[in-house]
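Proteins come first, then strands; the chains are lettered A, B, ... in the order of their sequence lines, and each starts at number 1. Atoms considered below: every heavy atom in the structure, side chains included; atoms not considered: hydrogens, waters and symmetry mates. Fair warning: this is a prediction, and the values are worked out from it, not measured in the lab.
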Amino acid sequence: MREIAQAADLLDWYDRHARVLPWRTPPAERLAGVAPDPYRVWLSEIMLQQTTVAAVKDYFLAFTSRWPTVADLAGAEDADVMAAWAGLGYYARARNLLKCARVVTSEHGGVFPRDHATLLSLPGVGPYTAAAISAIAYDDPQTVLDGNVERVMARLHDEHTPLPAAKPVLTDYAAALTPDQRPGDYAQAVMDLGATICTPKRPACGLCPWRPACAAWHNGTAAELPKKSPKKRKPTRQGIAYLARRVDGAWLLERRPDQGLLGGMLGWPGSDWAETPPVEAPPIRAEWKTLPAEARHTFTHFHLILTVKTALVPMERVPDRGEFVPLEEFSPSDLPTVMRKAFDLTRGGA
DNA sequence: CACACGTGGGG
DNA sequence: TCCCCAAGTGT
């Protein structure tokens, strides 16, 4: 007879094994009455969307150091926030981050709302993040359902229906387990379990506090769950990036439109990216030279091969597109990774 | 529901 | 090299 999974068993495990993270209030501190800062909870949750803990850490420390409160962030320049987010990916998050900070500051007095529906209405806050803020910041018994929880629930119940069709039933399983006591620690505990024990490949079932209750473990199916619908292959697109350096060292850059890929980010003027060969579209009249190596980069849904062209242009020459950014105002770290790769190619870098 | 949307690390 | 994956959201 299989045991029933209990939230208390997971909380016991979490009290002993909770990871120390910059945005986390450890269970001992919570127990002592320390309340998490909703701003830091929200910021971390936005950064962690589809992004690993390792990738987020430095960005979280940089953001909270530079903008300690939501009001500080709300008062920041758009360009500064986009530059600070550069390299983290999914740049719509950064645009919505600023929008959200400004709404919270101007319409909620700088206090993050606690009500689920109000949280859901904030830019960049969906069902998962709204529940996470309620649970982690305010210790309200909301059910969080992220990729970790989906995996843990699919295994606990040996659920073979593929995602995303299985999501409703997995939500029910997760809701049934959510405790009234310590829901904030519990939410983080399930996600920690998924991130460290109940991993996508080679789960460490021998260390799992819920193993006695796990149907997939009993059936030997844990490693193959959750099932997912097959993914499509990525096509390869090609394009041209034009890196113009003025004789005084200024670089010709262009702010990308808010909508679409790398929206709101700084980048090199260039051609469209398509599966067919790009048409020439230099942003300024010059003697363009093609670099011997191409920049290769993979986005969520396509591979890109980027031909990099460079030119040195005189002071008085006026560009058709973009603006020259003075050398002292330019940092390659302000660029999204694909644009930084193109820049690195001009520095003898492979 | 399906797709767009980034990046870096691991197997 | 290539595919998978990571604390999802918006359209």
### Query
Is there a donor-acceptor pair under 3.5 Å between the side chain of A:Arg246 and the backbone N or O of A:Arg317?
no
### Message
Could you tell me how far apart A:Leu163 (CG) and C:dA6 (P) are, to the nearest whole angstrom?
### Response
10 Å
### Query
Can A:Arg211 be said to sit on top of A:Trp217's aromatic six-ring, NZ or CZ under 6.0 Å from centre and within 45° of the ring axis?
yes
### Query
Tell me: CG of A:Leu97 to P of C:dT9, nearest whole Å?
14 Å
### Task
Tell me what A:Arg151 touches on the nucleic acid: a base, only sugar-phosphate, or nothing, going by heavy atoms under 4.0 Å.
sugar-phosphate
### Task
Just compare C:dA6, C:dG8, C:dG10 and give me whichever is closest to any side-chain atom of A:Lys228.
C:dA6
### Query
Rounded to whole angstroms, how far apart are CE on A:Met47 and P on C:dT9?
16 Å
### Message
What's A:Trp85 touching, base or sugar-phosphate or nothing? Going by heavy atoms closer than 4.0 Å.
### Response
nothing
### Nucleotide C:dT9, atom P - distance to CG of A:Leu98 in whole Å
19 Å
### Task
For C:dC4 and B:dC3, measure between their P atoms and round to the nearest Å.
15 Å
### Message
So A:Leu21, base contact, sugar-phosphate only, or nothing? Heavy-atom distance under 4.0 Å.
### Response
base
### Task
Would you kindly give the CG-to-P distance between A:Leu48 and C:dG8, to the nearest whole Å?
8 Å
### Task
Rounded to the nearest angstrom, tell me the gap between atom OH in A:Tyr59 and atom P in C:dA6.
20 Å
### Task
Verify the cluster assignment for A:Trp23 and A:Tyr90: are they in a single hydrophobic cluster under the rule of side-chain heavy atoms below 4.5 Å apart?
no
### Summary
To the nearest angstrom, the CG-C1' distance between A:Asp258 and C:dT9 comes to 16 Å
### Task
Could you check A:Val125 against A:Arg19 and say which one's nearest nucleotide on DNA chain C is further toward the 5' end?
A:Arg19
### Message
Roughly how many Å apart are B:dG8 and C:dT9, using the P atom of each and rounding to a whole number?
### Response
23 Å
### Touch class at under 4.0 angstrom, heavy-atom based, for A:Val56 against every strand present
nothing
### Query
What nucleic acid atoms does A:Lys231 come within less than 4.0 Å of, heavy atoms only: base, sugar-phosphate, or nothing?
sugar-phosphate
### Summary
Letter by letter from the 5' end, nucleotides 4-11 of chain B scores (B base, S sugar-phosphate only, - none; protein heavy atoms under 4.0 Å) SBBBS---
### Query
Going by heavy atoms in the side chains, are A:Val313 and A:Phe324 under 4.5 Å from each other?
yes
### Message
Assess whether a salt bridge exists between A:Asp78 and A:Arg255, defined as any Lys/Arg side-chain N lying under 4.0 Å from an Asp/Glu carboxylate O.
### Response
no
### Query
Can a salt bridge be assigned to the pair A:Arg40 and A:Asp37 using a cut-off of 4.0 Å between side-chain N and carboxylate O?
no
### Message
Taking the nucleotide of DNA chain C with the nearest heavy atom to each, does A:Gly126 or A:His303 sit closer to the 5' end?
### Response
A:His303
### Task
Would you kindly confirm whether A:Leu261 and A:Leu253 end up in one hydrophobic cluster when ILVMFWY residues are joined by side chain heavy atoms under 4.5 Å apart?
yes
